[in-house]
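Throughout, residue positions are numbered sequentially from 1 according to the sequence presented. Indexing begins at 1, ligand by ligand and atom by atom, following the structure's order.
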Amino acid sequence: MKRFLRDSNRWIVLCLLWICSILFLTGCGRKSKEQIISKVDTAMGTIIQQTIYLNLTDSEEENKTAEDIIQLVERLEKQELSWRLDTSMVYQINQNAGAEEGTGLLEPLALELEQVLQISEESKGALDVTIGDVVRLWDIDAYCAGEKQDFQLPASDEIQKALEGTGYEKISIKDQKIFLPEGIHLDLGAVGKGLACERIKAYLEEQDSVKGAVISVGGSILTFGEKPDGTAWKVGIVNPHDTGNDIGYLTLNGQWCVSTSGDYERYVEVDGKRYHHIIDPATGYPADSKVSSVTILGKDGLITDALSTACFVLGVEDGLKLAQRFGVEALFIDQDGKQVLTEGMNHYFGI
Ligand code: ADP
Ligand code: MG
């Protein structure tokens with residue numbers, strides 16, 4: 001009998017402890033609530049679409065992630081990438097072209113520019129971030145934006161002259177300093193959106209409340225984390241011959257970057273001929289590689305964006321080799337609508 005009481009007492013004590021611990025956990029535990037933010041803005045001259053899945057603590061009343069991201073992109077443009085604004089690093093670098101002492105670079109831009117120059121080299125100049133003067137001569141963007149009317153084909157001697165002011169190989173980076181010879185200018189239009197995706201990714205990694213996000217900066221898309229229901233991200237691939245529709249989509253889990261370059265994004269048509277915004281640095285004319293769009297899938301947005309432009313210029317055969325060298329997946333759609341994929345891309349692409 002005594003023993004029974006001792007045992008039952010022990011049970012009562014254990015049960016009381018268990019009840020107390022549940023009360024303690026519910027009382028002090030941080031309850032959380034799920035929230036989805038969807039936002040569309042323009043920044044860096046492009047459309048930014050965000051869908052962010054949050055897990056907010058009870059004490060968190062308002063979440064500013066989406067606004068912070070827009071500010072981050074605006075700062076990136078204003079302080080680092082713009083070739084127009086005198087507040088930016090690129091503007092300073094161009095101003096100092098020819099100066100013996102070069103221009104000091106801050107991280108992470110120093111490393112990013114080194115990566116861009118490496119891709120320029122690996123692509124044998126198909127990506128050339130000094131192509132700005134030729135781009136401006138064609139000025140396709142201005143015609144597309146309605147800032148200029150009556151499209152004029154540049155004369156071939158003008159193109160040759162503008163080409164003389166190009167050449168990524170004339171740029172060097174040493175000890176966190178960049179050196180440009182006189183007459184050479186940097187223009188990061190081909191990599192800015194992917195670079196923005198990388199900066200956004202670094203910001204999201206520090207946000208405890210963000211569980212997942214899909215964010216597009218123009219033609220570069222970042223997927224991050226997971227959706228609360230555990231389903232995969234779906235990223236549509238635009239049909240370049242019917243831009244209102246997708247030809248299929250990528251099914252992605254976790255963090256990826258997808259960049260697309262296409263001849264349908266910005267172009268002018270004259271007498272049935274399309275003049276688009278991606279220039280072949282070897283000729284100074286819009287790239288004539290028989291490709292209508294290239295989509296690159298990889299982990300790093302700067303690399304996918306740089307490679308999408310380079311592969312568009314190179315065309316299917318050399319573009320595939322370049323993509324393989326960088327360990328990314330690629331999907332080419334040529335002017336006849338034929339699709340060519342790297343082997344790995346088949347795991348992600350579906351109709
Ligand atoms: P988008 O900017 O539409 O996403 P891309 O990433 O392919 O497309 O970049 C195209 C932009 O890059 C052009 O608008 C121009 O400013 C610049 N550009 C064009 N051709 C080249 C090239 N061969 N190398 C580097 N930059 C280029
Ligand atoms: Mg690009």
Side-chain angles (χ1 to χ4, degrees), residues 42-48 73 77 81-84 90 112-113 115-145 159 162-163 165-169 171 184-198 216-222 238 240 243 257-268 275-289 291-298 300-315 318-319 322-323 326 328 330 332:
T42 52
M44 230 167 82
T46 195
I47 296 171
I48 311 223
V73 175
E77 168 80 341
L81 303 187
S82 172
W83 58 269
R84 288 174 208 261
V90 165
E112 289 160 342
L113 289 180
Q115 278 182 308
V116 168
L117 289 181
Q118 195 210 337
I119 296 176
S120 294
E121 205 170 298
E122 296 273 344
S123 70
K124 299 196 173 66
L127 175 83
D128 189 335
V129 282
T130 64
I131 199 74
D133 286 358
V134 183
V135 170
R136 233 77 67 216
L137 184 62
W138 285 91
D139 229 4
I140 305 282
D141 287 4
Y143 289 104
C144 291
I159 293 174
L163 276 176
T166 66
Y168 72 91
E169 70 283 357
I171 299 181
I184 296 287
H185 304 118
L186 202 58
D187 179 346
L188 299 176
V191 296
K193 290 150 196 167
L195 197 152
C197 285
E198 281 305 291
S216 66
V217 184
S220 285
I221 299 166
L222 167 75
V238 172
T243 53
C257 285
V258 183
S259 297
T260 299
S261 290
D263 67 0
Y264 58 89
E265 285 166 7
R266 275 168 279 157
Y267 65 91
V268 178
Y275 298 93
H276 58 75
H277 71 307
I278 302 171
I279 304 293
D280 182 348
T283 63
Y285 283 79
D288 188 16
S289 57
V291 166
S292 291
S293 79
V294 185
T295 296
I296 303 287
L297 168 69
D300 183 303
L302 178 62
I303 290 177
T304 57
D305 198 7
L307 288 178
S308 73
T309 308
C311 289
F312 187 98
V313 173
L314 288 173
D318 289 342
L322 183 68
F326 278 88
V328 297
F332 292 78

Give a yes or no answer on whether the side chain of Asp280 reaches the backbone of Ala287 with a donor-acceptor pair at less than 3.5 Å.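 Pair absent, no side-chain N/O of Asp280 close to backbone of Ala287.
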
Nearest to atom 7 (O) of ligand 1 by heavy atom, Ser259, Ala287, Ser261: which?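 Result: the heavy atom closest to atom 7 (O) of ligand 1 is in Ser261.
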
Close N or O approach ([X], ligand 1; < 3.5 Å):
X: Ser308; answer: no
X: Ala190; answer: yes
X: Asp280; answer: no
X: Ile279; answer: yes

For Thr295 and Thr260, which I'm curious about, is there any donor-acceptor pair between the side chains at under 3.5 Å?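 Judged by distance alone, the side chains do pair up.
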
Just by distance, with hydrogens left out, do Ser259 and Ser308 show a side-chain donor and acceptor under 3.5 Å apart?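 Not at all, the side chains of Ser259 and Ser308 share no donor-acceptor pair under 3.5 Å.
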
Short list, please: which atoms of ligand 1 are under 4.0 Å from a heavy atom of [X]?
X: Asp305; result: 6 (O)
X: Pro281; result: 23 (N)
X: Arg266; result: 1 (P), 2 (O), 3 (O), 14 (O)

If we set the cut-off at 4.0 Å for heavy atoms, which region of Ala126 has an atom near ligand 1: side chain, backbone, both, or neither?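 Backbone only; the side chain of Ala126 stays clear of ligand 1.
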
Applying a 4.0 Å heavy-atom criterion (strictly less than), which segment of Leu127 is in contact with ligand 1: side chain, backbone, both, or neither?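 It is both parts that get close, each with some atom under 4.0 Å.
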
Can the ring centres of His276 and Phe312 be said to be less than 6.0 Å apart?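 Between Phe312 and His276, which both carry aromatic rings, the centre distance is below 6.0 Å.
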
Do Tyr143 and Trp138 have ring centroids that are under 6.0 Å from one another?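 So the answer is no for these two rings.
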
Looking only at protein heavy atoms, which one is nearest to atom 5 (P) of ligand 1, and how far off is it?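 For atom 5 (P) of ligand 1, the nearest protein heavy atom is Thr309 OG1, 3.3 Å.
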
Could you check atom 14 (O) of ligand 1 against the protein and tell me its nearest heavy-atom contact, residue, atom and distance included?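 Heavy-atom neighbour on the protein nearest atom 14 (O) of ligand 1: His277 CD2, 3.3 Å.
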
Are any N, O or S atoms from Val191 nearer to the Mg ion (ligand 2) than 2.8 Å?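 No N, O or S atom of Val191 is closer than 2.8 Å to the Mg ion (ligand 2), so no.
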
Can you tell me if Ser220 has an N, O or S atom under 2.8 Å away from the Mg ion (ligand 2)?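 Checking the Mg ion (ligand 2) against Ser220, no N, O or S atom falls under 2.8 Å.
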
